[in-house]
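Working notes for the structure below.
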Amino acid sequence: LRSARRQLPGPQPGVAGGHALRGGFAARARTPETGGMRWIAGALCAGLFGWGGAADAASASGPGNVLDIYHSKFASPVEGAQFQFAHAGGDVVWQGSFQGWTDATPTPLLSASKVITSFAVLRSMQLRPADWFPERPINEFAVGAWRSFANLRMAGSTRRFNVTIKQLLTHTSGLAFALLAKSPDSIRRRGLCFEPGTGWSYSIGHRLLGWLLRDYWQKASVQEALDDLVYTPLGMSSTRFAAWWMDHFFKGEAGDGGIESTAADLTKVAVAMLRKGQTPGGDVLISQANWDAWGAQNLLPGGALVTEFKPKWTCPFWVLSGRFIGAEFGQSMFAATYYGSGSGAAREVGWQGFFSSAVHVSYAEDLAFVKTQRVIDIEAFTSPKQSTTAYHLMHFSEMSEYLRCKPVRCAAPGQKARLCSDNGTQCQEGVKYRWLVSPRSALLVNETSHACYLPRCHRGRDAARLLLP
């Protein structure tokens, strides 16, 4: 991804602030769930979930336009999609929808649920640092039955281990995938498949932490804990555990995959990520220092990517492993990290679910992105011509350049992005872009929601270069 990104052409000259664009995009990216383990994804999920087929699409403008290229690669879904960019002030810069979806359409997030549970854990670490800190073993919590997690057995060994909050958040706990685990005890009895802290394997950690949050904060449900820690402080009104997934698949509240949300609510999470734990109104939910330490840097040893930090697996081959699901990203206690320098600060942070809903922010570009969708993007089932895997990772800076106000500058405190109507650019509602092979499938872009944005100014930096810390 790094080498590919360096070779990409720059933005097309003559397109000011993105206002000449007449298209959007909804795309698939190489993510923790679609990166490398095709056989697991296919065997477990193809028959259960289904997937969208690929279709050639008309590009709204020239080949140099990265947003339209992204749009043209988007496989026409059976169900729709909503996508949008937002700046640090919380205003939506650009949005579009497929098949009549809006930013209020409820969507199962699957693994993108993890960003919400992670935010709740980091907020607990902020509020109760004596009880919640990265190296705290979960068996030291006296609530519920969590003391029973002391001295977990490891397959093929007489050794025993405890697992910490950090290990659960970073997928380094040694736990197996355990997709259908219904209770803490069912996970405890499975034991460990490698020594905690010695490798990365996608696992059940966020589900355990959701249950621990419920017990620690003495709530009747995980939903109530998330309401207090995340939804209410961020003003999210349409995010909850999806009834069908709770009743028929996860058999309970799964903080790692069972949450349903909307693009409007996810945008509030993304903006808080972009602002490093703060709301646009200035409320500090997580301090910037803690966010930088916990959420915005790769915490794997030596700055390794997850594909490089391989565990010594000791469980039998039939035990479901998440060792091969990761791709080329680092891992913080919040989400995946991209384009950092070893274990230093990451330029970008994000996560994507199996149905392709995604949350992604760029600190370098000062821009947030969300996508809600119900289409499975697995490279094994998508033609190379139409695959958009890893596209928003490789092209985020180019897309941001299109959306940035011209001339290039940064925003003084309190200054907001300018809507296209304020820029003297003619706005159009209901602009449609139809697929060549399927005229009934159309991307709808409402340009009254399109704005250019101004990255925030930072003292001591050259504003014209738009460099962020």
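What you see is a predicted model; the values in this text were computed from it and never measured.
Going from atom NZ of Lys268 over to atom OG1 of Thr262 covers 8.0 Å, rounded to the nearest 0.5 Å. In this structure, NZ on Lys371 lies 10.0 Å from CZ on Phe83, to the nearest 0.5 angstrom. Here the straight-line distance linking atom CG of Leu110 with atom CD1 of Ile259 works out to 11.0 Å at 0.5 Å rounding. Atom CG of Asp366 and atom CG of Leu274 lie 5.0 Å apart (nearest 0.5 Å). Here the CG-OG distance, from Asp227 to Ser221, works out to 7.5 Å after rounding to the nearest 0.5 Å. Going from atom CG of Asp292 over to atom CD of Gln288 covers 5.0 Å, rounded to the nearest 0.5 Å.
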Stepwise side-chain hydrogen bond (donor to acceptor under 3.5 Å, both in side chains) check, Asp215 with Trp146: CA-CA 9 Å; Asp215 294 345; Trp146 294 98; 2.8 Å; yes
Decide side-chain contact (heavy atoms from CB on, under 4.5 Å) for Trp94 and Gln84; before the verdict, give the C-alpha distance in whole Å, the side-chain angles of both, and the deciding distance to 0.1 Å. CA-CA 5 Å; Trp94 174 270; Gln84 51 199 49; over 6 Å; no
Verdict with reasoning, Leu300 to Leu305, per side-chain contact (heavy atoms from CB on, under 4.5 Å): CA-CA 7 Å; Leu300 299 184; Leu305 301 178; over 6 Å; no
side-chain contact (heavy atoms from CB on, under 4.5 Å) between Trp211 and Val222, worked out: CA-CA 6 Å; Trp211 295 330; Val222 181; 3.8 Å; yes
Between Val361 and Val271, does the side-chain contact (heavy atoms from CB on, under 4.5 Å) criterion hold? Intermediate values first, please. CA-CA 8 Å; Val361 303; Val271 170; over 6 Å; no
Extract all donor-acceptor atom pairs below 3.5 Å that involve side chains of residues 127-134 and protein atoms in other chains or at least two apart in sequence.
residue : atom : partner : partner atom : Å
Arg128  : NH1  : Tyr216  : OH           : 2.9
Asp131  : OD2  : Tyr216  : OH           : 2.6

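Trp217 and Asp228 share no donor-acceptor pair across their side chains, judged by distance under 3.5 Å alone. Judged by distance alone, the side chains of Thr172 and Thr170 do bring a donor and an acceptor atom under 3.5 Å apart. A donor-acceptor contact under 3.5 angstrom links the side chains of Ser111 and Lys114, judged on distance only. Checking Ser357 against Gln352 by side-chain atom types alone, no donor-acceptor pair falls below 3.5 Å. In summary, the side chains of Asp103 and Gln82 do not present any donor paired with an acceptor at a separation below 3.5 Å, with no hydrogens or angles considered. A donor-acceptor contact under 3.5 angstrom links the side chains of Ser118 and His206, judged on distance only. A side-chain N or O of Trp200 and one of Gln331 form a donor-acceptor pair less than 3.5 Å apart. Under the 3.5 Å distance criterion, with hydrogens and angles disregarded, a donor-acceptor pair is assigned to the side chains of Asp265 and Thr239.
Ring planes of Trp351 and Phe329: perpendicular class, angle over 60° (limits at 30 and 60°). A perpendicular orientation is assigned to the rings of Tyr202 and Phe177, their planes being inclined by more than 60° (bins at 30° and 60°). Note: Phe119 and Trp291 have tilted aromatic rings, judged against thresholds of 30 and 60 degrees for the angle between ring planes.
Taking both residues in full, the closest heavy atoms of Gln126 and Ser287 are given as OE1-N, 3.0 Å, listed atom of the first, atom of the second, then distance. Considering all non-hydrogen atoms of both residues, Val370 and Ala270 come closest at CG1-CB, 3.7 Å. Closest approach of Leu367 and Ser400 over heavy atoms only: CD2-OG, 3.5 Å. The minimum heavy-atom distance between Ala296 and Ser332, with the atom names listed, is N-CB, 4.3 Å. In this structure, Leu122 and Trp294 approach most closely via the heavy-atom pair O-CZ3, 3.6 Å. Tyr363 and Met273 get closest at one heavy-atom pair: OH-O, 2.9 Å.
Under a 3.5 Å cut-off, the side chain of His87 and the backbone N or O of Tyr453 do not form any donor-acceptor pair. Side-chain N or O atoms of Arg123 include one that pairs as donor or acceptor with a backbone N or O of Leu285 at under 3.5 Å. Judged by distance alone, the side chain of Asn298 and the main-chain N or O of Thr337 form no donor-acceptor pair under 3.5 Å. A donor-acceptor pair under 3.5 Å is formed between the side chain of Glu253 and the backbone N or O of Gln223. Judged purely by atom type and a 3.5 angstrom limit, Arg347 has no side-chain atom pairing as donor or acceptor with the backbone of Ala364. Although no hydrogens or angles enter the test, the distance criterion places no donor-acceptor pair under 3.5 Å between the side chain of Arg374 and the main chain of Phe355.
Using a 4.5 Å heavy-atom cutoff, the side chains of Val349 and His360 are not in contact. A heavy-atom distance below 4.5 Å is found between the side chains of His395 and Glu398. Counting only heavy atoms from C-beta outward, the side chains of Leu175 and Leu168 approach each other to under 4.5 Å. Annotation: side chain of Ser238 is not in contact with side chain of Ser261 (no heavy-atom distance under 4.5 Å). With contacts defined as side-chain heavy-atom distances shorter than 4.5 Å, the pair Ser124/Leu229 qualifies. Between Phe149 and Pro184, some side-chain heavy-atom pair lies under the 4.5 Å cut-off. Between Lys166 and Glu135 there is a side-chain heavy-atom pair separated by less than 4.5 Å.
Between Glu140 and Arg147 no salt bridge is recorded (no basic side-chain N to carboxylate O distance below 4.0 Å).
Applying the side chain to side chain contact (heavy atoms under 4.5 Å, CB included) test between Gln167 and each of Leu169, Val163, Ile165 identifies Val163 as the sole match.
The salt bridge (charged side-chain N to carboxylate O under 4.0 Å, His left out) search around Asp256 returns Arg207, not counting sequence neighbours.
A cation-pi arrangement, defined by a distance under 6.0 Å to the six-membered ring centre and an angle within 45 degrees of its axis, is present between Arg136 and Phe141.
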